[in-house]
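Please read all numbers here as calculations on a predicted model, not as lab measurements.
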Amino acid sequence: MFTIFPGFNLVEAYHDWKKKHKATKNKSVARAIKLVFCFAVLVTLWCLPLGAFGIDGLTVIEKRVIAIFLFATVMWVLEAVPAWTTSMLAVGLLLFATSDSSLWFFRDAASPETYGTPVKYTSILHSFADPIIMLFIGGFILAIAATKCGLDVVLARVMLKPFGTKSKFVLLGFILVTGIFSMFLSNTATAAMMLTFLTPVLKALPADGKGKIALALSIPIAANVGGMATPIGTPPNAIVLKYLNDPNGLDLNIGFGEWMSFMMPYTILIIFIAWFILLKMFPFKQKNIELKIEGETKKDWRSKVVYITFAVTVLLWITDKYTGVNSNVVAMLPLAVFPITGIITKRDLEEINWSVLWMVAGGFALGVALQETGLASTIIDTIPFDTWPPAVMIVGSGLLCYAMANFISHTATAALLVPILAIVGMSMKDVLMPLGGVSTLLIGVAIGSSLAMILPISTPPNALAHATGMIEQKDMVKTGIIMGVIGLAIGYTMLIFLGSNGLI
């Protein structure tokens, strides 16, 4: 989360409340129990004999990867520690116990056949500098620079102005602007910023009116949904794109612009559906709303550099298929321009959301271990996935992702499911083709994770909106379930149509 973003005080206030709430409930004992349970799972799986797993040809290294993977799964689900710390622990275990540079006592085995193929330590470490990580860093830097020069405030003011003062159109304005911002900025930062602009509006509305609930809910819904439109909008998108474009795997070569070509229309449709649902569920009592967006804007030469660089970067991202410049390379443009012009300083680097990047890198490392140890092919040989009905695989994985992501980190959910589904998808490509192929399988996970927003704990934007005191949990649950059902139904219809016709 960027401390320079408008509305950061809302995030700080929420986290302060969360800490006090945890302290009053004395969660230290519960946390210790969770940690003991998680490590017990790790040790038990680690020490089991190879034959106990029921997998023919399983090696010692593969068994350790299974233990680490399931350990990370339980840690993420129980949230014994923050999600990114689990990722770092998993990376450490992989390096010291399964890599070709592991500790000496972990290398001792009866025979090379039983021991298995270790993971290259360089492959694990490369996860931290994966091109997708660079794409995210470029997006973060672009967002920080835009905030420093007031570009976000200017855009919000300009974009909301055409919606006038009628309550229903002001609501539409907030939904659309929040959705557009979250396509390129952090969902959390976008929600915090837009809630800041919305606060005086909420105070001015009648206390007994339902319209303020619609406005307060519009921010998290739009922030969650808007992130689906671009590869940098939310981490699950980037995780999915990595596996879709892996040269040693699916190698579908889906670019930034191509992703937007089908996800942008889908996102806009879902946003308009959300507007309609909110108007019906929470009608306005006051028919007109006056908007006043406060914020400083700068007009010096550095601000002009930010405006131009922002526009050129987004344009190059959208047209990457035509220019031939990979979207990951395009992300380096702001990294090259902003430091040399003094727009980004070493202090600003502290504003990058490193915990998200480390969380994503940890998921990539687990995927690398599955591939390089041979565990992926071993699982495929053991379980006849190609005999499963394709609808069970595709729809079932989306529903599973949606269910998990409502209770644990969206990024953690994608990090767990996507590597496995990518492997499974490769083994049953032909079976999945009538329903859109592997792209439907994986992109469905990204959609399922972004639509998971039924509880305040489901996403940071939900938590921030709930902290305003304008929303009851039952309102969030109702709208979240409706949006999830409609979003998944439309999303899979789109993916199956595009995938079965060879359009993605």
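Scored by the side chain to side chain donor-acceptor pair (under 3.5 Å) test, Asp130 finds Lys242 as partners (sequence neighbours excluded). Applying the side chain to side chain donor-acceptor pair (under 3.5 Å) criterion to Asp320, with sequence neighbours excluded, gives no partner residue. With sequence neighbours excluded, no residue forms a side chain to side chain donor-acceptor pair (under 3.5 Å) with Asp475. Not a single side chain to side chain donor-acceptor pair (under 3.5 Å) links Thr319 to another residue, sequence neighbours left out. Judged as a side chain to side chain contact (heavy atoms under 4.5 Å, CB included), and not counting sequence neighbours, the contacts of Ile481 are Ile454, Val477, Val485. Under the side chain to side chain contact (heavy atoms under 4.5 Å, CB included) criterion, Pro235 pairs with Phe136, Val356, Val360, Thr411, sequence neighbours left out. The ring pair (Phe, Tyr, Trp, His ring centres under 6.0 Å) test applied to Phe71 returns Phe39, not counting sequence neighbours. Legend: residues meeting side chain to side chain contact (heavy atoms under 4.5 Å, CB included) with Val395, ordered by chain and number and at least two apart, are Leu399. Applying the ring pair (Phe, Tyr, Trp, His ring centres under 6.0 Å) test to Trp84 and every residue at least two apart in sequence or in another chain returns Trp358. Scored by the side chain to side chain contact (heavy atoms under 4.5 Å, CB included) test, Ser449 finds Pro236, Cys401, Ala405, His410 as partners (sequence neighbours excluded).
Gly487 approaches Ile447 most closely through the heavy-atom pair O-CG2, 4.4 Å. The two residues Met281 and Lys210 come nearest to each other via the heavy atoms O-CD, 4.0 Å.
Between Ser127 and Val368 there is a side-chain heavy-atom pair separated by less than 4.5 Å. Using a 4.5 Å heavy-atom cutoff, the side chains of Leu278 and Ile221 are in contact. Two residues are said to be in side-chain contact when any heavy atoms from C-beta on lie closer than 4.5 Å; Met75 and Val41 fail this criterion. Between Leu357 and Phe140 the shortest side-chain heavy-atom distance falls below 4.5 Å. In this structure, the side chains of Trp76 and Met359 come closer than 4.5 Å at one or more pairs of heavy atoms. Side-chain contact between Asn224 and Asn462 is present, with at least one heavy-atom pair separated by less than 4.5 Å.
The stretch residues 455-472 participates, sequence neighbours left out, in these salt bridge (charged side-chain N to carboxylate O under 4.0 Å, His left out) pairs: Glu472-Lys474. Every pair passing salt bridge (charged side-chain N to carboxylate O under 4.0 Å, His left out) that includes a residue from residues 248-277 is listed here, sequence neighbours excluded: Glu258-Lys321.
Of the inter-residue distances, the one linking Met260 atom CE with Tyr266 atom OH reads 15.5 Å to the nearest 0.5 angstrom.
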